Amino acid sequence: MSHTSHVRLLPWSGPEGKRAILVTDGTAGPLSLLADRIENQQIESAAVIVELARPMAEAAPDLTAEELRWITRRLIESLTDVLNIAESRAGRIPPYED
């Protein structure tokens, strides 16, 4: 019987800021479940930030440079998180069969 290894990009950085990965047999272990919860929190946070950014973008001429920098930083952080989640999940989707 052969064991299949599953590689998962984790939603946090490892030592020295490098990407953290988890290699498992595909079962839902404690670290995988923790990563799932963190990913869900990151997605929820991104949705909140987008809702905050919408009215700020419409009021852009009335915002200070500091307010614009703040929302830009939050959007970049959230987008980075969501892109990492998308990459991680795409790596776990099996390819189409011919």
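Just so we're clear, the structure is a prediction, and the values are computed from it rather than from any experiment.
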Novice: Give, for atom OG of S13 and atom CZ of R19, the distance between the pair rounded to the nearest 0.5 Å.
Specialist: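 Answer for the OG-CZ pair, S13 versus R19, is 9.0 Å.
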
Novice: Would you kindly confirm whether L33 and I38 end up in one hydrophobic cluster when ILVMFWY residues are joined by side chain heavy atoms under 4.5 Å apart?
Specialist: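 Different clusters.
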
Novice: Quick one: closest heavy-atom pair of D25 and T27, and the distance?
Specialist: OD1-OG1, 2.7 Å

Novice: For residues M56 and L63, determine if any side-chain heavy atom of one lies less than 4.5 Å from a side-chain heavy atom of the other.
Specialist: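 In contact.
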
Novice: From the options I49, V50, I43, select the one residue that forms a side chain to side chain contact (heavy atoms under 4.5 Å, CB included) with S78.
Specialist: I49

Novice: Do D36 and R89 meet the salt-bridge criterion of a basic N to acidic O distance under 4.0 Å?
Specialist: no

Novice: Distance from W70 atom CH2 to L52 atom CG, nearest 0.5 Å?
Specialist: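 CG of L52 is found 5.5 Å from CH2 of W70.
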
Novice: Does the side chain of I85 reach to within under 4.5 Å of the side chain of Q42, using non-hydrogen atoms?
Specialist: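 Of all side-chain heavy-atom pairs linking Q42 with I85, at least one is under 4.5 Å.
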
Novice: Hey, does L22 have a side-chain heavy atom less than 4.5 Å from the side chain of S32?
Specialist: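 S32 vs L22: side chains touch.
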
Novice: For the residue pair E77 and T80, establish whether any side-chain heavy-atom pair is separated by less than 4.5 Å.
Specialist: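 Not in contact.
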
Novice: Would you check, one step at a time, whether the test salt bridge (Lys or Arg N to Asp or Glu O under 4.0 Å) holds for E51 with R74?
Specialist: CA-CA 12 Å; E51 289 307 309; R74 300 298 78 76; over 6 Å; no

Novice: Are E87 and R92 within salt-bridge range, i.e. N to O under 4.0 Å?
Specialist: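 Judged by the 4.0 Å cut-off on N to carboxylate O distance, E87 and R92 do not form a salt bridge.
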
Novice: Answer yes or no: is there an ion pair linking R37 with E44, defined by an N-O contact shorter than 4.0 Å?
Specialist: no

Novice: Shared ILVMFWY cluster between L75 and L79, side chains joined below 4.5 angstrom?
Specialist: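 No, no single cluster joins them.
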
Novice: Identify the heavy atoms of R8 and S88 that sit nearest to each other, and give their distance.
Specialist: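 For R8 and S88, the tightest heavy-atom pair comes out as CG-OG, 3.7 Å.
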
Novice: State, with a plain yes or no, whether a side-chain heavy atom of W12 is found less than 4.5 Å away from one of N84.
Specialist: no

